[in-house]
*Asks:* 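Quick one: this structure, given as structure tokens, is what I'll be asking you about.
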There are 2 protein chains.
Amino acid sequence: MRIAELSRVGGVSTATIKYYIREGLLPSGRLTSSNQARYTEDHVHRLRLIRALLDLGGLTISSIRDIVTALDSPVGSVDLRAMVAKEPHAGPLATIAADPRTIEKVRSLTEQRGWTAPADSPEFATVVEVLDTLRELGQDRFADRLDDYAEAAQRAAAIDDEILGACDGDGNRAESLVVGAALGDVLLSALRGLARNGSGTAPSPALVTAGRNGAET
Amino acid sequence: MRIAELSRVGGVSTATIKYYIREGLLPSGRLTSSNQARYTEDHVHRLRLIRALLDLGGLTISSIRDIVTALDSPVGSVDLRAMVAKEPHAGPLATIAADPRTIEKVRSLTEQRGWTAPADSPEFATVVEVLDTLRELGQDRFADRLDDYAEAAQRAAAIDDEILGACDGDGNRAESLVVGAALGDVLLSALRGLARNGSGTAPSPALVTAGRNGAET
């Protein structure tokens, strides 16, 4: 198909398609003349993957470039999941030096649950970081329920593993892994929101402020 | 305390503090002279909340402005959780018009599980959007396990509700709600990553591409 058709089917402008090609997200079409290129169903599929990771997964163009490069690369040793992990989770908060007790707490959690991920994995660092931040914000109630949240997360992970296990030997496994990691978090987050009984509105935030600002005046 | 002290304790530069004040994220200090302001522990706390939502929660400055404005407002009728929901989840993908069967599927899921969130909630729209996108990407395996993922999400939500229930009448509930929604997703996502047994590396992504590009050449 021509770029106009790809644009129609993919639901993105031709300018955007050319931008993705320039950025290395989308392979260029097969040139049929000096100013004509042909695109295939693979381009349509790749375009959909890009939009899903961008619009739903909230990934950056550069993260997506790394991911599709890995998907297209013959080397399978790169950690695709780490690429899906978003920037905010990358480094520790400037205000926080990890509390050794928190690190120990997470290490024993992973040990008790038989989780194989190493203590130097980005996920491990993120868990420690969130727990320390919750305590710093006086939200210990959440940190105290770590094992219960871990149980819920483990159930979701078990489903992921079953699905990806079923993909083994399937050429599409690499993409399933990326999509599952990126869209799975969005799905779980939205389902968790739907499942909450409590309303999202605050009874009287004024109480908070009155209490706080009181100290200032 | 003076701004230099607030900067030291909060772990952010004075320039950043002034930026947050200009942007309406942080209340200004109490002026003690024409060029001197005093800050309180409330400023330290608010600064930590801003950093947590920004660095860990991945929220934008403007989302955080809306949130802290709501936290400081006497009107409690605003949906704080909706404010925490990130942009990517806001609107439907350009490429996708929601499939009525998917909407029906999600409606029956919420009905069966006794979830009270309305069908016009952003979370409902996000679930529909993710399911349609998964099918469009040929990842039906994930969409087919919707109820299992819902079970895992419901467990996490039950913990949230217990914690927020314990906060009722507590002036800090509004902030707990925001922190729980923003950091809870990050925590669950990281725990889910830790809990996975499957490695994040692809056996041979080359297979994917060989199969795909083959059609182009």
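Values below: all heavy atoms of this structure, side chains included; hydrogens, waters and symmetry mates excluded. So that the names make sense, note that chain A is the first sequence line, chain B the second, and so on, each numbered from 1.
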*Asks:* Nearest 0.5 angstrom please: A:Arg141 CZ to B:Asp160 CG, how far?
*Replies:* 13.0 Å
*Asks:* Could you have a look at A:Glu151, A:Arg155, A:Glu162 and say which one has the most heavy-atom pairs with chain B under 4.5 angstrom?
*Replies:* A:Arg155
*Asks:* Report the option among A:Asp148, A:Leu137, A:Val179, A:Leu134 that has the most heavy-atom pairs separated by less than 4.5 Å from atoms of chain B.
*Replies:* A:Leu137
*Asks:* Please tell me if the side chains of B:Asp185 and A:Asp185 come closer than 4.5 Å, counting only heavy atoms from C-beta onward.
*Replies:* no
*Asks:* Does any backbone or side-chain atom of B:Leu109 lie under 4.5 Å from a heavy atom of chain A? Answer side chain, backbone, both or neither.
*Replies:* side chain
*Asks:* Measure B:Gln139 against the heavy atoms of chain A and call it side chain, backbone, both or neither at under 4.5 Å.
*Replies:* side chain
*Asks:* For residues B:Ala195 and A:Asp161, report the shortest heavy-atom separation together with the two atoms involved.
*Replies:* O-OD2, 4.2 Å
*Asks:* I need the minimum non-hydrogen distance between B:Phe124 and A:Leu194, along with the two atoms involved.
*Replies:* N-CD2, 3.8 Å
*Asks:* Do the non-hydrogen side-chain atoms of A:Phe142 and B:Leu183 ever get within less than 4.5 Å of each other?
*Replies:* no
*Asks:* Once rounded to the nearest 0.5 Å, what's the spacing between atom CD1 of B:Ile163 and atom CG of A:Asp144?
*Replies:* 8.0 Å
*Asks:* For the residue pair B:Arg192 and A:Ala156, what are the closest heavy atoms and their distance?
*Replies:* CD-CB, 4.0 Å
*Asks:* Before accepting this row, confirm whether a basic side-chain N of the pair A:Glu123/B:Arg196 lies closer than 4.0 Å to the acidic partner's carboxylate O.
*Replies:* no
*Asks:* For A:Leu191 and B:Val127, which heavy atoms make the closest approach, and how far apart are they?
*Replies:* CD2-CG2, 3.9 Å
